[in-house]
Amino acid sequence: HSLANLWGNRPYRFGVLSQMFYVAAQIMVWTFIIHYAEHLGYDKATAQTYNIIAMLMFICGRFISTALMHKISSRLLLTIFGIGAIAVTLGTILLEGMAGLYCLIAISFFMSLIFPSIYGIAMEGIDSSDTTLGAAFLVMAIVGGSIMPPLQGMIVDLGTVAGYPAVNISFVLPLVCFIVVTVYAAYMHWLSRGFSNHK
């Protein structure tokens with residue numbers, strides 16, 4: 001009965017899918033910062049420093065986004081942060097050198113809001129009797145983190161793609177993930193404005 005209820009809830013289904021894509025993006029961004037920095041000529045220790053900076057950006061983003069939620073709805077804020085993630089991911093792909101690396105580090109700031117926001121938004125329309133199973137599927141969505149990173153690694157191993165460094169091009173995969181998340185956020189914001197019902 002709970003499975004039928006959850007499956008029949010379109011915003012919830014979309015939320016689980018979005019969570020899968022987000023976790024995949026997070027793993028790819030944090031895993032391949034080191035590869036990106038090494039491609040620019042940095043040694044592993046320095047490359048790891050940039051990874052640590054990205055983690056600090058993530059923490060700062062969490063505090064800032066939490067404060068912003070007192071004035072901006074979670075759906076709208078998730079949409080804004082999703083657009084921000086798309087923008088800096090495009091910079092990571094298209095810009096070479098330090099500019100691209102700075103964009104890559106900035107992605108972590110925009111990721112800070114995404115996981116808990118998707119979780120909370122997806123659970124809002126769930127009946128109390130279905131919350132346990134509903135929460136379980138949202139947590140199990142972390143399986144997305146095991147699917148796409150190997151594909152990104154395969155792209156990185158190509159060296160170059162169409163004249164661009166393959167490590168840059170590989171961030172097309174996180175870009176797709178952030179697009180999915182942003183579409184979900186915009187859709188849920190649209191629903192919250194009363195343009196459609198939730199089922």
Side-chain angles (χ1 to χ4, degrees), residues 13-59 61-62 78 81-119 122 136-185:
R13 291 200 314 268
F14 198 177
V16 173
L17 180 66
S18 298
Q19 199 74 291
M20 288 180 62
F21 276 93
Y22 165 67
V23 174
Q26 178 179 297
I27 298 299
M28 286 187 285
V29 167
W30 285 350
T31 297
F32 290 96
I33 285 178
I34 294 175
H35 293 270
Y36 200 100
E38 285 182 327
H39 172 75
L40 297 179
Y42 292 105
D43 57 41
K44 284 190 179 294
T46 305
Q48 183 60 42
T49 299
Y50 286 111
N51 205 13
I52 293 170
I53 294 171
M55 302 293 180
L56 293 174
M57 291 287 287
F58 184 88
I59 294 170
R62 179 64 62 87
L78 181 59
F81 271 53
I83 292 170
I86 289 170
V88 290
T89 304
L90 282 171
T92 302
I93 296 167
L94 299 175
L95 301 176
E96 297 187 47
M98 289 303 298
L101 181 58
Y102 290 148
C103 286
L104 176 53
I105 292 169
I107 295 173
S108 291
F109 176 87
F110 294 104
M111 289 197 305
S112 62
L113 171 78
I114 298 178
F115 187 96
S117 294
I118 292 176
Y119 185 95
F137 281 121
L138 282 165
V139 172
M140 286 191 292
I142 63 173
V143 70
S146 67
I147 297 172
M148 285 197 176
L151 297 178
Q152 188 177 16
M154 291 170 63
I155 296 173
V156 171
D157 288 341
L158 295 176
T160 59
V161 176
Y164 277 91
V167 68
N168 290 57
I169 298 300
S170 73
F171 281 89
V172 167
L173 294 179
L175 177 65
V176 170
C177 295
F178 289 129
I179 289 172
V180 172
V181 169
T182 305
V183 170
Y184 170 70

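Only heavy atoms go into these numbers, but all of them, side chains included; no hydrogens, no water, no symmetry mates. Along the sequence shown, residues are numbered consecutively beginning with 1.
Between V88 and A106, the shortest heavy-atom contact is CG1-CB, 4.0 Å. Of all heavy-atom pairs between M148 and A24, the closest is CB-CB, 4.1 Å. The shortest non-hydrogen separation linking L78 to A185 is CG-CB, 3.5 Å. When all heavy atoms are compared, the tightest approach of V29 to M111 is CG1-CE, 4.1 Å. Minimum heavy-atom separation, P149 to I27: CG-CG2, 3.6 Å. Counting all heavy atoms, side chain and backbone alike, V23 lies closest to G145 at CG1-N, 3.8 Å.
Using a 4.5 Å heavy-atom cutoff, the side chains of P174 and F32 are not in contact. Side-chain contact between P165 and T160 is absent, with no heavy atoms from C-beta onward closer than 4.5 Å. W30 is listed as a side-chain neighbour of S108, based on a closest heavy-atom distance under 4.5 Å. Using a 4.5 Å heavy-atom cutoff, the side chains of Q152 and F171 are in contact.
Here F115 contributes atom CZ and S18 contributes atom OG; the two are 12.5 Å apart, rounded to the nearest 0.5 Å. Between atom CD1 of residue I86 and atom CZ of residue F81 there is a gap of 14.0 Å, rounded to the nearest 0.5 Å. In this structure, L173 CG and F21 CZ are separated by 10.0 Å, a value rounded to the nearest 0.5 Å. In this structure, the separation between CD1 on I142 and CD on Q26 is 10.5 Å, given to the nearest 0.5 Å. A distance of 9.5 Å separates CG of L113 from CZ of F58, quoted to the nearest 0.5 Å. In this structure, I169 CD1 and L175 CG are separated by 11.0 Å, a value rounded to the nearest 0.5 Å.
Using modelled atom types, no side-chain atom of Y119 and backbone atom of Q19 make a donor-acceptor pair closer than 3.5 Å. Remark: the backbone N or O of F109 is paired with a side-chain donor or acceptor of S112 at under 3.5 angstrom. Remark: side-chain polar atoms of T31 are not paired, donor with acceptor, to backbone N or O of M28 under 3.5 angstrom. Distance alone, capped at 3.5 Å, is enough to place a donor-acceptor pair between the N168 side chain and the T92 backbone.
Listed by chain and number, the residues in a salt bridge (charged side-chain N to carboxylate O under 4.0 Å, His left out) with E38 are K44 (sequence neighbours excluded).
Aromatic ring centres of Y36 and H39 lie farther apart than the 6.0 Å criterion allows.
Screening residues 165-174 for salt bridge (Lys or Arg N to Asp or Glu O under 4.0 Å) gives no qualifying pairs among residues at least two apart or on separate chains.
Note: F178 and Y22 have tilted aromatic rings, judged against thresholds of 30 and 60 degrees for the angle between ring planes.
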Table please: side-chain donor-acceptor pairs of residues 48-55 below 3.5 Å, with sequence neighbours left out.
from, atom 1, to, atom 2, distance (Å)
T49, OG1, A45, O, 3.1

Give the intermediate values and the outcome of side chain to side chain contact (heavy atoms under 4.5 Å, CB included) for residues F14 and V183. CA-CA 10 Å; F14 198 177; V183 170; 3.9 Å; yes
V16 vs I118, side chain to side chain contact (heavy atoms under 4.5 Å, CB included): CA-CA, chis, key distance, verdict: CA-CA 8 Å; V16 173; I118 292 176; over 6 Å; no
